[in-house]
Number of protein chains: 2
Amino acid sequence: MRPQDKHAKRRRVRPAGSVRERTYRYLRERLLAGRYAPKERLTEVAVARTLGVSRTPVREALHKLELEGLVEPAGGRGFRVPADSPAEMRELFEIRGLLEGHALACLAGSIERSVIAELEGLIERADEACNSGNLDLVFECNTRFHDLLYSQLAAERPRLHGLIEDMRDYVVRYRKNTLITKEGARRSVEGHKKIVLALSLGDRRLCEQLMRSHVREAQQDALAIRQDQQLINERK
Amino acid sequence: MRPQDKHAKRRRVRPAGSVRERTYRYLRERLLAGRYAPKERLTEVAVARTLGVSRTPVREALHKLELEGLVEPAGGRGFRVPADSPAEMRELFEIRGLLEGHALACLAGSIERSVIAELEGLIERADEACNSGNLDLVFECNTRFHDLLYSQLAAERPRLHGLIEDMRDYVVRYRKNTLITKEGARRSVEGHKKIVLALSLGDRRLCEQLMRSHVREAQQDALAIRQDQQLINERK
DNA sequence: TTTCGGAATTTTGGATACATTATGCCCGGC
DNA sequence: GCCGGGCATAATGTATCCAAAATTCCGAAA
């Protein structure tokens with residue numbers, strides 16, 4: 001038994017981890033979900049009051065979020081939610097394509113046959129879900145596809161994996177509704193199919209190219225959703 | 001006059017910025033310079049006592065360093081200096097090559113003629129310094145070359161630029177002595193020459209390839225230095 | 001009416017005191 | 001001699017207090 005498990009029972013009473021950790025996750029989740037308006041201010045005291053905790057953990061959470069770029073300092077008046085920037089979105093997707101393309105090229109040489117088989121199974125399920133219009137299930141399958149695909153990467157190249165996960169997180173800001181169109185879901189699954197094929201062929205160059213265009217498609221979807229939202233906002 | 005300039009005089013009395021900032025830089029500098037032994041523990045109280053400050057800013061500095069990977073949590077006993085990892089070093093250089101190669105491909109299309117001229121001037125100076133064996137001057141020219149080259153990138157693609165700077169910082173851990181061999185300096189300057197040539201040709205593909213191999217050379221130098229150090233350590 | 005200066009307020013930065021938790025050692029029992 | 005429980009210790013986690021800094025707003029003078 002590991003030493004820290006000794007008091008596991010007591011610790012499980014509290015939701016999870018420290019107040020700082022919880023505060024951080026709370027703010028992060030809301031930020032990524034777009035629950036705060038752009039340029040809205042977040043002060044330590046306000047957050048602390050809302051959560052009923054002291055300023056100390058809130059402070060540390062906010063500083064961590066600043067390092068991640070999810071909030072920006074507002075010159076002596078706390079932090080501010082950064083405004084959406086199409087230019088930044090394009091840049092983030094560009095970097096993502098670069099990193100994930102490279103990651104896949106790496107995986108092409110080392111991935112296990114059994115993993116490929118599992119990936120194929122996941123695609124099959126996603127395909128069926130797509131046909132029946134169950135977009136939530138497609139989303140879940142895609143997530144598991146992603147996790148499985150990158151689990152090996154995490155072991156082989158932890159830094160690259162970490163960077164990719166960071167990029168994915170940042171990008172979430174620009175995809176506020178996880179609601180995907182049916183065509184988008186179809187395209188995504190088709191992209192995964194091609195990728196697994198390239199992977200099974202062990203073609204590094206092809207893997208890289210396919211992953212890049214897969215990311216580019218995701219970017220276009222995000223862009224379309226974004227434009228739709230703007231139209232909606234203008235109507236209001 | 002901006003409001004914060006009103007007390008500029010008073011603020012200039014203190015070294016620079018907040019205690020947190022200074023603590024952060026202090027630790028960071030020592031960490032990068034290899035002043036702490038691998039696996040050495042760093043506790044909040046110890047650092048706070050050393051610097052004669054309270055735990056609060058030290059804490060925040062340590063957390064920031066943790067996010068950068070310069071220290072790692074030591075399970076309830078503060079932080080620890082991570083042990084060198086050749087695998088991590090390889091990975092970091094690999095990512096650097098990827099990012100910097102892409103960055104240069106981007107610059108190939110947009111860099112100003114005048115900037116190229118400046119870069120050529122810098123190379124010329126570095127070349128002479130190389131011939132006269134003034135390695136410190138070579139280092140300085142290289143640094144200015146780098147800054148100038150990437151100043152435009154910082155404006156066009158701030159995120160990519162930030163990532164590259166991060167990578168360069170991480171990698172510094174593995175190049176503890178800035179002492180470079182004369183051959184290394186020569187190779188570096190020659191690499192820069194080729195890069196500027198490709199840049200003036202506007203050949204994106206060539207830029208990317210040259211930058212990648214430039215980074216690969218830097219990695220090999222770092223590796224060689226590392227091995228030398230290990231030999232020295234074994235003799236002791 | 002406009003502008004400049006300063007006081008009040010808001011908010012962060014830093015220090016300290018207290019609570020909590022993990023670790024490691026020591027001692028007793030098997 | 002080895003294993004296990006418990007206590008001492010050391011370190012982090014959290015809250016609160018005080019200080020410093022920046023913004024805002026108000027009032028007085030030009």
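On a predicted model such as this, the values are computed, not experimentally measured, just so you know. Order of the sequence lines fixes the chain letters, A, B, ..., with proteins taken first and strands second; residue numbering starts at 1 for each chain.
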* Verify whether one side chain among A/Q219 and A/H214 offers a donor that lies under 3.5 Å from an acceptor in the other. => no
* **Distance in angstrom units between B/E21 CD and C/dG14 C1', rounded** => 15 Å
* Asked: Cation-pi between A/R30 and A/Y36: NZ/CZ under 6.0 Å from ring centre and within 45° of the ring axis?
  -> yes
* **Salt bridge A/R157-B/E94, side-chain N to carboxylate O under 4.0 Å** => yes
* Asked: Given side chains that start at C-beta, do those of A/V138 and A/R125 come closer than 4.5 Å, heavy atoms only?
  -> no
* **Rounded distance in Å - CZ (A/R20) to P (D/dT14)** => 6 Å
* **Strand contacts (DNA chain D) in residues 54-63 of chain B, 4.0 angstrom heavy-atom criterion** => B/R55, B/R59
* To the nearest angstrom, how far is B/R80 atom CZ from D/dT12 atom P? -> 13 Å
Protein-nucleotides 8-11 of chain D N/O pairs closer than 3.5 Å?
unit_1 : atom_1 : unit_2 : atom_2 : d
D/dA10 : O3'    : B/R77  : NH2    : 3.4

* Asked: Is it true that B/F79 and B/H63 have ring centroids separated by less than 6.0 Å?
  -> yes
* Whole-Å gap separating C1' (D/dG13) and CZ (B/F79) -> 12 Å
* To do: Tell me, yes or no, whether the heavy-atom count around B/R144 atom CZ, taken from other residues, nucleotides or ligands under 6.0 Å, exceeds 12.
  => no
* Walk me through it: do A/Y170 and A/E165 pass the test side chain to side chain donor-acceptor pair (under 3.5 Å)? => CA-CA 9 Å; A/Y170 296 154; A/E165 292 300 316; over 6 Å; no
* Asked: Rounded to the nearest Å, what distance is computed from the CZ atom of residue B/R49 to the C1' atom of nucleotide D/dT12?
  -> 15 Å
* Asked: Is it true that the side chains of B/E100 and B/Y150 contain a donor and an acceptor less than 3.5 Å apart?
  -> yes
